Undergrad: 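Dumping the structure here so I can ask a few things about it.
Computed over heavy atoms, backbone and side chain alike; hydrogens, waters and symmetry mates excluded. Just so it is clear, the structure is predicted and the values come from calculations on it, not from any experiment. By convention in this document, chain letters (A, B, ...) are assigned in the order of the sequence lines, proteins followed by strands, and residues within each chain are numbered from 1.
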Amino acid sequence: MTELFSGTGPLFMNPDPDDARSFFKKKEKALVNKVMPVKEAVSKFVKDGDYLGSGGFGSNRIATAALHEILRQKKRNLGLAGHTTTHDFQILTAGNMDGEKLLSRVDVAYIVGLEARGLSPHARRVMQSGEIEICEWTNYAIACRFRAAASGIPFIPARNMLGTDTFFQSAAKEILCPFTDRKLVALPALYPDVSLIHVHESDVYGNCRINGITVADGDLARASKRVIITTEKIISNDDIRSKPWATIIPSYCVDAVCEVPYGSYPGNMPGEYFSDEAHLVEWLRAENDVEKFRQFLDKYIYDVPDFEHYLELCGGVEKIKELRAQELLLPRKE
Amino acid sequence: MTELFSGTGPLFMNPDPDDARSFFKKKEKALVNKVMPVKEAVSKFVKDGDYLGSGGFGSNRIATAALHEILRQKKRNLGLAGHTTTHDFQILTAGNMDGEKLLSRVDVAYIVGLEARGLSPHARRVMQSGEIEICEWTNYAIACRFRAAASGIPFIPARNMLGTDTFFQSAAKEILCPFTDRKLVALPALYPDVSLIHVHESDVYGNCRINGITVADGDLARASKRVIITTEKIISNDDIRSKPWATIIPSYCVDAVCEVPYGSYPGNMPGEYFSDEAHLVEWLRAENDVEKFRQFLDKYIYDVPDFEHYLELCGGVEKIKELRAQELLLPRKE
Amino acid sequence: MSDYNAIELMICVAARLLEDGSTVGVGTGAPCAAAMLAQRTNAPNLLITFEAGGIAPQLPSMPISVGDSRTFYRGLMATSMSDILETCQRGLVDYTFLGGAQIDAYGNINSTVIGDYHKPKVRFPGSGGANDFASFCWHTLVITQHDIRRFVKKLDFLTTPGYLNGPGAREKAGLPENSGPLKIITDLAVMGFDETTKRMRVESLHSGVTFEKVQENTEFELLKSPEITDTEPPQDEELRILREEVDPFRYVIGR
Amino acid sequence: MSDYNAIELMICVAARLLEDGSTVGVGTGAPCAAAMLAQRTNAPNLLITFEAGGIAPQLPSMPISVGDSRTFYRGLMATSMSDILETCQRGLVDYTFLGGAQIDAYGNINSTVIGDYHKPKVRFPGSGGANDFASFCWHTLVITQHDIRRFVKKLDFLTTPGYLNGPGAREKAGLPENSGPLKIITDLAVMGFDETTKRMRVESLHSGVTFEKVQENTEFELLKSPEITDTEPPQDEELRILREEVDPFRYVIGR
């Protein structure tokens, strides 16, 4: 007999598909206009205590406007699926200061780092303080958990995590394959309460296109009970219907559509604009000193009404033109 | 204790992922020109005894040229994933006549029927004779089996088939969810030896686009040990690289690329040409009488060298223009 | 115009059952006609999906196949079979329509074989997506001819689950909670299911049909709804839309 | 031109290990530089994938993120993270490159915490896709600085599997057969793994480095390959390509 182990980490969300079915049954499926300002979307669809999913890949195609608005609206005790979260994680952990807890629990695959750019001092302080409950996973594990939820099944088996402390600190379980008798890891379905996804194009109903890698957003949108879309631009439903195979997220998954041009700034938006590395460095440096960071956040987030003003502070359309030239590999002007 | 049952049907293919990994490890991944005639592709990549997957959806976006060639080359003892197979099933069962066995085993989800067009008399004769070993599934079950194989895991859990004779005559197994204790069906991975998939566009390396529903072909191509692509047209690799998010099947899955304009005829090719209902009726009627069917097959398949000649016999480009007008909903000339 | 045939009646009755704002997984033929009619009458916001991957097409004509190009013509999305059936498994699809060779008192359906499975008298297509839809969607609707060889005591093969062998059986088998057959619409009557026994019961009779006639054409014992009503006949406007807009070439409703 | 720094040396050594016609899942930095160099030298048909979804880009410059737009610039496909990692799980990806805060004698890696997991002295990012790649790809390659705090007897946390605790342990744990760490490339030496014990062994020493020096910088006991060779230094042509074509702005190789 092979002994089967269970991870010892907390399972933050109920993986039961019948529970989720009862919710999805009542979700709006008709084509209704869901366009609204980010402020309204966040106030309506993100509640204290909710568990969030963040689309894109950390600093690429992220819903910056919605993330900032969550900070501004001082949401509390949120959970997060931390599957390669980088700048998005930085933004959210900025809400964990002065004893306040924007984040209270995180499923971790990749946090506190910004890939080649280094580690976030503030996110590390927060994570090292022990104030956030955590459970360990991998990028693929979290992708599978979204996939299981999107499929309406309570788990998906995989062959990662086995034999490691990552498994031990997770809420996964070992199982035996009924066909091959091989040991597998069972990854429980993860249904976020709400996810924030930035896309290239959406119609007013929430039918979305993504012109690039989808990362896990096809599954994330389907797995989430509520979805806030921010989009570079709104396109006509006629346009969507002219090429239905280009639709990645269907409208019946979506609750709010917010038109936010340049909405992934300071992150990269494939084909549109590159990341603003200088601003990301400024953010990282500000984090070195708590007081300085407080001022930085006031200046860029708390003291501005919305993302458009933040963008203006960061250089506005001129800055975007620069980043656009970089993205498109245009020859630099001498 | 909940009692767990197993289906009693035969499991035709080994679901073990390590077995498949050894095969995939040796598969060619470099960008090599894989363009060849259908005749060569079938002779090189379809062996007697192989288990086949057929792309598209029965009479829509099917690889007719490859299916005919299999008949012409008198392949024997093939297996088939019968996941909504309609005209493709009709073509293959035409090889089961006069004591010959082109098909010897079939995983069944939907066979012998042509949807609204009725049932195939010949396919029914073959299936009622008992000469073909069968195992019962559903469309989604077979899609999951491809998905499991494509994912490199030995099974995927689902909530269909439970409580039915479909389950009893399958090779699925009941399992208990380790998280929710719910009963689930475990669907074993299905790695076909070779699959035949018709697409809108492919480059010479086998990077393919499908302009419409993908049915299960994204997973089928990944699950299959060898893949023969027939394509409406070959496009440049530059074109593929100009929009990499439109690629549905990557070249490393593909073994042969055959340029076959109108290659789904008499089936429907989305955006290109509608199905030739008159020819499908002619085929169905011919099946009523064994002798007449033999003559029909000689005329249209065995006595012609290739698909191009078949198309010519059926009305050639003039016929395609008609079907194209139908597909595009062009006003009929009076 | 108040002359109508049985298939027209069944389509009109089926269309009325579809709630506005709901979702339905349909096949070709009468189910598709019913969904299209519903969109033009009581359920303008009905979202139609097809198992092969089509979502919310603006159907220019009756599809011949649930995977032909009509099923995603100007649709919202053209996706995979898995995506459609997982949307059902996830609980987003309210209705599905099925048919079959045999149906029993619990709404279980056979579309696989007549006779012994291993030596069948007649081999039918099998489940296709029927078992999937009936397992995953909240409500299964059936449109079928009513005769004694079809409404049987014991199926030769249980392809697709209704209430299996009674109350709680679906849940015990592992199927999603609170799902199952809703209505069976035939050329004689509309039947539902008794809440306690989950057995088929007659709920309304078509014009000129008696309960006895329905029972005569049914091998198993039918229950009676506390109140058996008269099926509301197709209205002129329904028939006009069905004949002129939904099925102008009368592929489904016949001549 | 034969002057080179440690990172240039490591990249050149790593590039040579990649067989032509093979596939590699890479991250940013040195691994990506190694793969790009290999494509321009010994492995023109190397297929590069990135975990976020990019396949076979014509990299115009070094990516900053494994999900930025460079990672699928003029690629063959821009897909999902699942598709990439399932291609690995299915057995199609030969190599992956990893780094980490700690590595042990079996090639296990820690990139999660230093100190106690629940009260960490330092919190690192965690697995990301590292555990996935190292579980699924056939061969794991590591490029890292060589110092005694990094090459440790006991990891504070086993994030990513090497050979776990010895021969057969990966298979017993359920990981894919015949996979595992291949080479560890540091600024001092190239190490492989003893076939019997699956423990790390020194296989070649960089110019001017002795076995003793490597051992001094390693907390666990290193084995010796039957024949320890001198690491072949970077050739002029390799350095030229690396500096002029792969990393002209010296993001990775430094100044």
Side-chain angles (χ1 to χ4, degrees), chain B residues 2 56-61 82-84 86 108-117 119 123-124 127-128 130 136-141 143-144 147 158-166 168-169 174 182-185 211-219 268-271 274-275 277 327 329, chain C residues 27-29 50-54 60-73 78-82 85-86 88-89 108 110 112 117-132 134-136 155 157-161 164-165 169-170 172-176 251-252:
Chain B
T2 315
F57 193 80
S59 61
N60 309 289
R61 201 171 46 70
H83 115 103
T84 299
T86 68
V108 171
Y110 185 101
I111 56 166
V112 312
L114 278 95
E115 300 188 75
R117 304 172 190 99
L119 300 176
R124 276 179 62 185
M127 293 314 297
Q128 288 164 200
E136 220 65 30
W137 305 90
T138 71
N139 274 348
Y140 181 59
C144 284
R147 164 80 64 83
R159 307 185 76 190
N160 58 348
M161 294 178 61
L162 294 155
T164 64
D165 290 333
T166 306
F168 187 72
Q169 297 296 348
E174 290 180 347
R182 287 189 188 279
K183 211 188 269 181
L184 299 164
V185 64
N211 303 328
I213 55 174
T214 53
V215 194
D217 293 352
D219 288 326
N268 170 220
M269 188 66 184
F274 203 65
S275 47
E277 292 303 314
E327 174 66 13
L329 304 167
Chain C
T28 52
F50 292 88
E51 72 186 78
S61 62
M62 285 289 177
I64 293 177
S65 156
V66 299
D68 77 31
S69 52
R70 301 330 189 201
T71 63
F72 55 92
Y73 177 77
T79 181
S80 66
M81 177 183 276
S82 291
L85 291 167
E86 283 158 7
C88 298
Q89 192 166 231
N108 302 304
N110 172 16
T112 302
Y117 176 71
H118 292 286
K119 280 251 162 229
K121 246 169 56 193
V122 188
R123 171 74 216 197
F124 288 114
S127 158
N131 178 299
D132 307 319
S135 296
F136 302 154
L155 303 177
F157 191 97
L158 200 173
T159 310
T160 295
L164 299 176
N165 59 8
R170 281 178 71 94
K172 204 179 146 211
L175 293 168
Y251 291 132
V252 176

Undergrad: Using the salt bridge (Lys or Arg N to Asp or Glu O under 4.0 Å) criterion, which residues pair with B:Arg117? Sequence neighbours excluded.
TA: B:Glu277
Undergrad: Measure distances from B:Val215 to the heavy atoms of chain C and classify the residue's part below 4.5 Å as side chain, backbone, both or neither.
TA: both
Undergrad: Inspect the contact between B:Glu136 and C:Arg123 and indicate whether a charged nitrogen and a carboxylate oxygen are less than 4.0 angstrom apart.
TA: yes
Undergrad: Which atoms of B:Leu119 are under 4.5 Å from chain C, going by heavy atoms: the side chain, the backbone, both sets, or neither?
TA: side chain
Undergrad: At a 4.5 Å cut-off on heavy atoms, which part of B:Arg182 comes close to chain C: side chain, backbone, both, or neither?
TA: side chain
Undergrad: Rounded to the nearest 0.5 Å, how far apart are OG1 of B:Thr86 and CD1 of C:Ile64?
TA: 11.5 Å
Undergrad: Shorter than 4.5 Å, heavy atoms on both sides: which option in B:Thr214, B:Val185, B:Asp219 has the most such pairs with chain C?
TA: B:Thr214
Undergrad: Counting heavy-atom pairs closer than 4.5 Å to chain B, which one of C:Gly53, C:Pro161, C:Gly27, C:Ala52 comes out on top?
TA: C:Ala52
Undergrad: Supply the atom-to-atom distance B:Ile213 CD1 to C:Thr79 OG1, rounded to the nearest 0.5 angstrom.
TA: 9.5 Å
Undergrad: Shorter than 4.5 Å, heavy atoms on both sides: which option in C:Gly29, C:Ser80, C:Pro60, C:Gly126 has the most such pairs with chain B?
TA: C:Ser80
Undergrad: For C:Thr160, is there any backbone N or O sitting under 3.5 Å from a side-chain donor or acceptor partner on B:Thr164?
TA: no
Undergrad: Among C:Val66, C:Val252, C:Thr28, C:Thr112, which has the most heavy-atom pairs under 4.5 Å with chain B?
TA: C:Val66
Undergrad: In Å, rounded to the nearest 0.5 Å, how long is the span from CG of B:Leu162 to NZ of C:Lys172?
TA: 13.0 Å
Undergrad: Among C:Met62, C:Lys119, C:Gln89, which residue has the highest count of heavy-atom pairs closer than 4.5 Å to chain B?
TA: C:Gln89
Undergrad: Which heavy-atom pair separates B:Lys183 from C:Ala173 by the least distance, and what is that distance?
TA: CD-O, 3.5 Å
Undergrad: Find the one option among C:Leu175, C:Asn165, C:Val122 whose heavy-atom pairs under 4.5 Å with chain B are most numerous.
TA: C:Val122
Undergrad: Any donor-acceptor pair under 3.5 Å linking the side-chain atoms of C:Glu51 with those of B:Tyr140?
TA: no
Undergrad: Under the salt bridge (Lys or Arg N to Asp or Glu O under 4.0 Å) test, which residues partner C:Arg170, sequence neighbours left out?
TA: none
Undergrad: What's the spacing between C:Cys88 SG and B:Asn160 CG if we round to 0.5 Å?
TA: 11.0 Å
Undergrad: Are any side-chain N or O atoms of C:Asp132 and backbone N or O atoms of B:Thr138, one a donor and one an acceptor, separated by less than 3.5 Å?
TA: no
Undergrad: Identify which part of B:Ala158 has an atom lying under 4.5 Å from any heavy atom of chain C, answering side chain, backbone, both or neither.
TA: both
Undergrad: Name the option with the most non-hydrogen atom pairs under 4.5 Å to chain B; the candidates are C:Ser127, C:Gly129, C:Gly54, C:Ser61.
TA: C:Ser127
Undergrad: Establish, from distance only, whether the side-chain atoms of C:Asp68 and B:Asn60 form a donor-acceptor pair under 3.5 Å.
TA: no
Undergrad: Any chance the rings of B:Phe168 and C:Tyr117 have centres within less than 6.0 Å?
TA: no
